[in-house]
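Structure first, then comments.
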Number of protein chains: 2
Amino acid sequence: MKAEINNRVRLEDIARTLKLSIATVSRAMSDSSRVKQETKNKVLAIAEEMGYRPNQIAKSLSSGKTNILGVIIPRYDEPFFIEVCRGIDYYARKHNYRILISSSRNSFNYEKENVLAFERGTVDGVAMCFTHETNSFEHVEELIDRKMPLVLFDNINHKIDGAGHVKIDDFSSAIKAVEDLIKHKNESIGYIGGTSKKSVFNKRFDGFVEAHKKHQKSFKKQHVLNCKSYHQEHEFYEVFNFLSKLREMPNAFFCSTDNYAILCIKSLTKLGYKVPKDIEVIGFGNLHYSSMFIPELTCVSQPSFKMGEKVAEMLLNKIDNGFFVSDVDQDNEVVLPTKMVYRDTTR
Amino acid sequence: MKAEINNRVRLEDIARTLKLSIATVSRAMSDSSRVKQETKNKVLAIAEEMGYRPNQIAKSLSSGKTNILGVIIPRYDEPFFIEVCRGIDYYARKHNYRILISSSRNSFNYEKENVLAFERGTVDGVAMCFTHETNSFEHVEELIDRKMPLVLFDNINHKIDGAGHVKIDDFSSAIKAVEDLIKHKNESIGYIGGTSKKSVFNKRFDGFVEAHKKHQKSFKKQHVLNCKSYHQEHEFYEVFNFLSKLREMPNAFFCSTDNYAILCIKSLTKLGYKVPKDIEVIGFGNLHYSSMFIPELTCVSQPSFKMGEKVAEMLLNKIDNGFFVSDVDQDNEVVLPTKMVYRDTTR
DNA sequence: TTTAATAATACAAACGTTTACATTATAATT
DNA sequence: AATTATAATGTAAACGTTTGTATTATTAAA
């Protein structure tokens, strides 16, 4: 009855046709040395003829491997995360893995739900980036307890024992960028960034502070904005509002993402300032469209794609070596280099 | 031995602990009316205590459902596709499905490979957008033959029997946009678009032509560019090169994507023209960053997210109703409305 | 030829569920 | 108290593979 509806060809059908056992057919398909070449040829030919497609689910149940990597990102609509996914995918596909992306929609609850879903055995390993809300880690610790290979990336506020970590040095990168602004003899520098709950933003702000300290300069609290909004439009109004209310305008801005830099430039332009002539702006990220923006954005370039590749590499190592080996592995943290890209929003 | 390494809790373990049969435990987990409430409570409690996680693979093998939708997009690094994915994901998650995204990297061979992978039973249905290279359709017809629910979106050059189709009216949308430019009394209008191999671009160009015809106007062949490059930088040089070599500059440009519009504006700006004062530009898509661009982009707004939702809706209908019902279904094509968004690159 | 070695194939259990059917326990009816 | 209806649980097959072990066929050595 089921065969009537779902007429998939199975190993059994091939076996029956060729009067072989299922085992032999299975071994023939995987090119085992235990089956005669002639038989292999016959099996392959008839499989092709009958339109056989291996059932991946059955394979997975039997082998305990799905060849799928779970990827949890905070949101789809931030190009940085997509670039990382693209890097993960690129490396994964080379090694016969596919990726299952789950967005946690900036919510800790969704994140937990995503982790839970991956505990049901649909993936061989998990790569994830925490939301800004995440400050409790039982969910990932449980993942580790269950021997699920795990690699964290980008927004890492807390090192998880047994997990891999891939990130950049947000602190130093920010220092470098702000130092550039200081060297350009800017009297006062402002900061525009995302919610301080997110560790990458925090670290970038810390870098901003540190650069000032290092050069015995000070900055004004009223020149610092930690955006709370999430949608592009809301963010724009928050930035615009902040800038338009400023009594005295700083001579430069360091922004914790390219997007904030763009919102900043857009607002400044609306307010009648010229970038970079009146005010310099440096962003962080180096997204695709940053170089297409007018003026082209000077920023800290973050190796998003490479980050993804590295994440996948670590994850596949963990999967291949088994949990215990990688657990002892010293190399559970990778810090990727950033570099400054000078374009048209600085002088 | 396996239990030593992988100590996952199974229904059997719960059954043994409670001296019940696996069947009863299974039924208790799915809240079947055939098991006593008291027993259900006990099962749920002990499952929680033992940290039970259902094995999705085993479930899938038994039930024939994976609750995963396969999504094939030509590339990751085009925000339009990601928006569609986000829409698919949004609808899918509401209905207890997840999505497995595969990029075909603008290559027909990869596309076929992706389709093949989905024939191995890892997904309950497939949503896909053809690459610009795709002009043979055996691979998707085979998918249909194998009774795999299929919904195509965006770049549809060929209707596939039994598949769902979700698209916009590229032709009319383009006509409307170009008519606007004509009404603004622009003497001559240029066109910048992507490869003519991609049907959406072709249709948008056809709209460009049609608008001229309708208003008894003509356009110059040398004012038309079908970009062949793929990477952002290459595309920029191709556009810039094209524009800088133009003997006489048109008064306006209709571009087949927002990205081309941005490249166009950027090039024009470099060449000393003011947009929109000297030259008007209209894009197509309405991506997130289009409204952040300086000047803000006037464009045809394409409902990307909604398109994704619609794709998922059709796909889940096909999955739920079974192949045969939806095959006869009259409503196998949906054309979503676009609208013009007027901003700062037109007068 | 018979025996031993090895090549080729077959059998059957396992992976962790679901579910049709069978059985046993309980409650309702007489 | 016996009978019947029904509630609760159990047994076993099925989903489509893989793989350890057993069996049979073939070849090489005696």
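The figures that follow rest on heavy atoms only: side chains count, while hydrogens, waters and symmetry mates do not. Residue numbers begin at 1 in each chain, while the letters A, B, ... track the order of the sequences.
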Scan [X] against the nucleic acid and name what it touches under 4.0 Å (heavy atoms): base, sugar-phosphate only, or nothing.
X	answer
A/R10	sugar-phosphate
A/L20	sugar-phosphate
B/K65	nothing
A/S30	nothing

Does any residue of residues 42-50 of chain B have a heavy atom under 4.0 Å from DNA chain C, and if so, which ones, in number order?
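Correct list: empty, so none.
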Within the structure, does a side-chain N or O atom of A/S26 lie under 4.0 Å from either OP1 or OP2 of D/dT17?
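Result: no.
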Is the phosphate of C/dT9 approached by A/T39 (side-chain N or O, under 4.0 Å from OP1 or OP2)?
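A/T39 to C/dT9 OP1/OP2: side-chain N or O found under 4.0 Å.
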Rounded to whole Å, how long is the line connecting atom [atom1] of [X] with atom [atom2] of [N]?
X	N	atom1	atom2	result
B/K59	C/dT17	NZ	C1'	9 Å
B/L11	D/dG10	CG	C1'	15 Å
B/N41	D/dA8	CG	P	13 Å
A/K40	C/dT9	NZ	C1'	14 Å

Mind running side-chain contact (heavy atoms from CB on, under 4.5 Å) on B/H158 and B/I160 for me, showing each step along the way?
CA-CA 6 Å; B/H158 185 80; B/I160 304 292; 3.6 Å; yes
In degrees, rounded to 10°, what is the bend between the two ends of the helix from C/dT1-D/dA30 to C/dT29-D/dA2, using five pairs at each?
60°
Hey, what's the ring geometry for B/H139 with B/F108, parallel, tilted or perpendicular (30° and 60° as the breaks)?
perpendicular
Answer yes or no: side-chain N or O of B/R34 and base N or O of D/dG10 forming a donor-acceptor pair under 3.5 Å.
yes
Using a distance-only criterion (donor-acceptor N/O pair, under 3.5 Å, no hydrogens), is the base of D/dG10 paired with the side chain of B/R27?
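Between D/dG10 and B/R27, which were checked side chain against base, a qualifying N/O pair under 3.5 Å is present.
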Validation row: B/N114, A/R98 side chains within 4.5 angstrom (heavy atoms)
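The answer is yes; the side chains approach within 4.5 Å.
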Any chance the side chains of B/N41 and B/Q37 put a donor and an acceptor closer than 3.5 Å?
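There is such a pair between these side chains.
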Side-chain donor-acceptor pair under 3.5 Å between A/N106 and A/T131, yes or no?
no
When every non-hydrogen atom of B/G64 is compared with those of B/D124, the smallest separation belongs to O-OD1, 4.2 Å
Quick check with a 6.0 Å cut-off and a 45 degree axis cone: is B/R105 positioned over the face of B/Y110's six-membered ring?
yes
Using a strict 4.0 Å threshold on nitrogen-to-oxygen distance, state whether A/K112 and A/E138 make a salt bridge.
no
In B/I101, B/V126, B/L100, the residue satisfying side chain to side chain contact (heavy atoms under 4.5 Å, CB included) with B/I72 is B/V126
Where each residue is assigned the nucleotide of DNA chain D containing its nearest heavy atom, which of A/P54 and B/T24 is assigned the position nearer the 5′ end?
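That would be B/T24.
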